[in-house]
Amino acid sequence: MHPFRFAVQQGSARSGEAWATLALRAESIGYDVLVMPDHLGQQLSPFAALAAAAAATTHLRIGAFVFANDYRHPLILAREAATLDFLSGGRFEMGLGAGWMTGDYRQLGMTYDPAPRRIDRLEEAVPLIKRLLAGETVTHHGTHYQLDRASTGVPPVQKPRPPLAIGGGGPRMLKLAVREAEIIGLVPGFDAHGRPHYRQATETATAEKIALILEAAGDRFERLEINMWLGDAGLVGSGNSLLGSVAAAARWAPTAIYGSPYLLYGTLASVREKLLRRRDKLGISYYTLPSHAMESMAPLVGALAGK
C-alpha cells in the first residue's frame, strides 16, 4: 500500500515572484508535487515555470499533468525533461498523455485525429522517451517517429530514470499505463470533440477502471501508484466556502455528479475517512488538487501526507 501523496496543480501567476511564492507555500504546507497542465492560451510554459519552481524550493517535486505527446517530438520532450530532472536534483516526474484539448490543436494548425490515432503515436513515443530518459542512445525507425543515434545529452539523476505517469480514462490508455508507467492518472475519458465523459466521473465507473487496471497489472498492481485528479475540493470549516465549491463543481460538471470521486467535499474527519476507505478498496493514494483549494485542503494534507 502506497503512502498518501498530494499534488497541487497551477498553470499561471501574476508575476515571477508570485510563482515562486506559490511553490514555496505548497512545499511548506506539505504538498509533495507541483504539477502544471500543458496547454496553449492563458498559462505559463511548463518547462520554464517548473524550472523556476524547482529553483525556489528544496524538496518539492515538479511535473506536468500531463505533457501532450502530440505537441513535441519524443527526443525534444525527453531532452527538456532530462534537463528539468538534472537542474532540480532529481525532483522531476514525467507525465504523459495523448492530447485532448481541441483548442490547442487548432492553434497549432494540427488535425485533431480520432483517439486511436493519437494513442498510436503515444504508444510509439513512450518507450522511446523512457529509453532516452534512462540515458540510452536510441535509433528507431517507426511509423510515426525516426531517431538516429539520439540522446538527451543529460545524465539521469533518478535511476533508472524519472518516474513516469500516464493519464487517461479509456481502457486502451489505462492498459498502456499499466504496461509502461509507475503512476496511473485517472481522469474521465474525452469524446471526439475533446469534452469529458461525465458518466465516467462516478464511483462505479472508477471502480470499474481500477478492476481493469488490476486485471491487466496482476502482481504488478501493488507497485503501481494510482493518482486521481480532482476537479474541485473544499473542507467545511476551513475558510473555503462549501457553497462556492459546489458552484465551481457545477461549472466543471454540468451533470449531477456531486458524489463523484473527482470532487472532494466535507469535514476534515469525513474526507480523511473517505480517502482511507478508498485507498483500502481501490488503491488510490495520490491526489492532484486545483491550486485554489491548496490552502483550504492543508489540514487534510497535514493529516494524511506520507501516511
Side-chain angles (χ1 to χ4, degrees), residues 2-38 43-66 81 84-95 157-158 162-163 165 183 185 225 227-242 244-245 248 263-276 279 284-307:
H2 290 275
F4 282 104
R5 290 205 300 158
F6 295 90
V8 59
Q9 184 182 53
Q10 174 67 1
S12 61
R14 295 187 307 274
S15 65
E17 181 180 2
W19 180 253
T21 298
L22 173 79
L24 281 166
R25 180 59 179 158
E27 182 175 71
S28 69
I29 290 173
Y31 285 90
D32 299 280
V33 193
L34 173 65
V35 298
M36 296 185 66
D38 184 26
Q43 78 151 84
L44 299 169
S45 165
F47 295 115
L50 290 172
T57 55
T58 57
H59 58 267
L60 185 71
R61 295 179 69 79
I62 55 171
F65 193 84
V66 287
L84 279 174
D85 195 48
F86 181 81
L87 294 178
S88 68
R91 288 187 278 148
F92 177 73
E93 298 185 2
M94 184 66 171
V157 178
Q158 300 180 75
I183 304 165
E225 188 175 27
N227 169 271
M228 175 158 279
W229 172 85
L230 298 177
D232 196 51
L235 291 181
V236 175
S238 66
N240 189 45
S241 166
L242 185 58
S245 292
L263 302 169
L264 187 62
Y265 307 124
T267 64
L268 173 59
S270 67
V271 169
R272 178 181 178 276
E273 289 306 310
K274 179 183 292 186
L275 296 197
L276 287 168
R279 182 175 65 174
I284 301 171
S285 61
Y286 180 13
Y287 288 85
T288 300
L289 285 75
S291 62
H292 67 261
M294 182 178 79
E295 295 286 349
S296 65
M297 299 302 284
L300 179 68
V301 173
L304 289 181
K307 297 180 175 63

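Computed from a prediction, not measured in an experiment: that's the story for all the values here. Residue numbers start at 1 and run along the sequence shown. Quick note: numbers below take in every heavy atom, side chains included, and nothing from hydrogens, waters or symmetry partners.
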Between [atom1] on residue [X] and [atom2] on residue [Y], distance to nearest 0.5 Å:
X	Y	atom1	atom2	result
M36	L50	CE	CG	5.5 Å
M297	H292	CE	NE2	10.0 Å
K274	L300	NZ	CG	11.0 Å
E295	L289	CD	CG	12.0 Å

Contacts of type ring pair (Phe, Tyr, Trp, His ring centres under 6.0 Å), residue F4, not counting sequence neighbours: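 For F4, no residue satisfies ring pair (Phe, Tyr, Trp, His ring centres under 6.0 Å) once neighbours in sequence are set aside.
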
Where is the tightest heavy-atom contact between [X] and [Y], given as atom of each residue plus distance?
X	Y	answer
R272	A303	CD-CB, 4.3 Å
S285	R279	CB-CD, 3.9 Å
S296	A233	OG-O, 4.5 Å
A298	I29	CB-CG2, 3.6 Å
S88	A54	CB-CB, 3.8 Å
F92	P163	O-CD, 3.8 Å

Any side-chain heavy atom of [X] sitting closer than 4.5 Å to one from [Y]?
X	Y	value
V8	L22	no
R5	I183	yes
L230	L263	no
N227	F65	yes

I62 and V35: CA distance, side-chain angles, deciding distance, side-chain contact (heavy atoms from CB on, under 4.5 Å) verdict: CA-CA 6 Å; I62 55 171; V35 298; over 6 Å; no

Walk me through it: do L276 and L304 pass the test side-chain contact (heavy atoms from CB on, under 4.5 Å)? CA-CA 9 Å; L276 287 168; L304 289 181; 4.1 Å; yes

If we ignore hydrogens and angles and just use 3.5 Å, is the side chain of [X] paired with the main-chain N or O of [Y] as donor and acceptor?
X	Y	result
E93	A165	no
E27	L60	yes
W229	G185	no

Answer yes or no: are there more than 12 heavy-atom neighbours, outside F86 itself, under 6.0 Å from its atom CZ?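 Counting neighbours around CZ of F86, 12 or fewer heavy atoms of other residues, nucleotides or ligands fall under 6.0 Å, so no.
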
Criterion side-chain contact (heavy atoms from CB on, under 4.5 Å) on D32 and R61, from CA distance to verdict: CA-CA 6 Å; D32 299 280; R61 295 179 69 79; 5.8 Å; no

Over 60° means perpendicular and under 30° means parallel, so tell me whether Y31 and F6 are parallel, tilted or perpendicular.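 Rings of Y31 and F6: perpendicular, over 60°.
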
List the steps and the verdict of side-chain contact (heavy atoms from CB on, under 4.5 Å) for L275 and L264. CA-CA 9 Å; L275 296 197; L264 187 62; 4.0 Å; yes

